[in-house]
Amino acid sequence: MGDSRQLNVLFASSEVVPFVKTGGLADVAGSLPRALKDAGCNVSVIMPKYSRIPDEYKYNMQHICEFYVPLSWRNVWCGIDKLAYNGVDIYFVDNEGYFKRDGIYGYFDDGERFAFFSKAILECLQYVPELNNIDILHCNDWQTALAPVFLCEFYHGVGNYDNIKTVFTVHNAKFQGQFSNRMLNDVLGLGGIPAAADQLYCDRDSINFMKGALCYADRLTTVSPTYACELQMPFYGEGLDGIFRRRSNVLSGILNGIDTQAWNPSSDSQIAAYYSIYDMSGKAECKRALQEELGLRQDPLRPLVAMVGRLTEQKGIGLVRYAMDYLMSRSVQIAVLGTGDKDLEDSFKYFDWKYGDMMSARITFDSALSHRMYAGADLFLMPSEFEPCGLSQMIAMRYGTLPVVRETGGLKDTVKPYNKYTGEGTGFSFANINGDEMVGALMDACEVFWTDQDAWKKLQYQAMTQDFSWRRAANDYVGLYHSLHPEV
Ligand code: ADP
């Protein structure tokens, strides 16, 4: 260790809570930078200035500067605004042509929009004095994946750019940013650099942004140790497993945390009654209130199984559909909150109708209801086919709602399966993508619920006292950053 100055970190993400959110990446980008600051780094965040950002934030932004971003044969206007939020400076990349739209993703020119964002991140470092001395550029997912590529190809030997080391975090390898190879010349300006073009190609006429970052970044991380191993296998690697294997020496898995203040049953204003490990009586009231709200039979003796999340194949929803009739025959109540694939949504609407006061499906996005479900349920089911980290199972444990999960990715790393001989554990799990195995794990859990209240209470206690705060993750990232700058 050298002069022990603070490391200057720029954290780049296409979505950040509370400004804009479509998935777990926004939660991470909203919490991790603050935790990194508490761990001793000087952190700023950069994201696009979407028109969807609530006005209360937009009105308070300060205009910092403007410049032109070179994109192949064009120079594109870019403004930089700034807002201090929760003790961290957030920089917003402004260009109305790209970001003044109703939604966030899903446009014909998404490739160009986020290539621009990635280039603007690098350009602004020379125009914003506070960002002149960045040590670590931490990029996340495909939307910022070109920044490490551009840094290497266009900024070598320029100003302070050679000091910058890059970290790239994969939050979900399924979404890679694949676009026509015509972008190479037209937008990225990399057509004349065959070595770069070669690394971006994924088939004859497409390029893949994430592949670029996997080849160029100094360090690769993903959001759980198990997912870091799984990515190197064909089943989980989404076609990139060969690169993950080749770069396994710089790949690591760092588990996400959750916002332990927002998710806290002893102070959560959205739930029916407060409770904590010292007095769990409020949880029974939460269950009763949830059963009433969802039109379920108010019976404390029936295990109430909740699911909150996207209704997609990734989440193993097909297994639940397969097992529904059997579970309903075993006096289990099931409550689902989620949106997603139309045919899965329709199935659950049908089950809601068919099973009356034993099954409830709310096909909507409702944050307040999700709090009441985490608090009111006995069990939380998450049989994912793959799960890079998963936040819901950690939230459930914090509310003493025991997770039943498939042993994959972050689920495997966060849920300790119940050991009936020692009483150890924080939930229940099964290994294979198999509906009968899932039912087996769920019925094992119900058996404990029905027959051994002492064991159940012990499991709840163990689940609720796990440390899921961001502090642990932040320390791991800071260690990684320092390994790239041993002189600091
Ligand atoms: P993902 O793969 O979607 O990122 P995570 O488990 O990492 O899954 O995070 C999902 C987050 O979104 C959790 O905080 C969960 O409570 C929330 N969530 C998902 N679907 C809904 C919904 N329909 N209503 C309310 N909250 C939801």
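One is the number of the first residue; the rest follow in order along the sequence. Values reported hereafter were calculated over all heavy atoms of this structure, with side chains retained and with hydrogens, waters and symmetry mates removed. Whatever order the structure lists ligands and atoms in, that order sets their numbers, starting from 1.
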As a test of understanding, state which of W142, F175, F150, F179 forms a ring pair (Phe, Tyr, Trp, His ring centres under 6.0 Å) with F114. W142
Just the distances, no angles: every ligand 1 N or O to protein N or O pair closer than 3.5 Å, one line each.
unit_1   : atom_1 : unit_2 : atom_2 : d
ligand 1 : 2 (O)  : R310   : NH2    : 2.8
ligand 1 : 2 (O)  : K315   : NZ     : 2.9
ligand 1 : 3 (O)  : R310   : NE     : 2.9
ligand 1 : 4 (O)  : G24    : N      : 3.2
ligand 1 : 6 (O)  : L391   : N      : 2.9
ligand 1 : 6 (O)  : S392   : N      : 3.3
ligand 1 : 6 (O)  : S392   : OG     : 3.3
ligand 1 : 7 (O)  : L391   : N      : 3.3
ligand 1 : 8 (O)  : K315   : NZ     : 3.2
ligand 1 : 16 (O) : Y374   : OH     : 2.6
ligand 1 : 23 (N) : T364   : O      : 2.9
ligand 1 : 24 (N) : D366   : N      : 3.1

Go through the structure and list residues passing salt bridge (Lys or Arg N to Asp or Glu O under 4.0 Å) with K315, not counting sequence neighbours. E387
With E292 via salt bridge (Lys or Arg N to Asp or Glu O under 4.0 Å) - residues at least two apart: R288
For Q176, check side-chain hydrogen bond (donor to acceptor under 3.5 Å, both in side chains) against everything at least two apart and list the hits. Q178, N208
From N140 atom CG to F11 atom CZ, the distance as rounded to the nearest 0.5 Å: 4.0 Å
Just checking, R398 and F468: is the charged tip under 6.0 Å from the six-membered ring centre and within 45° of the axis? no
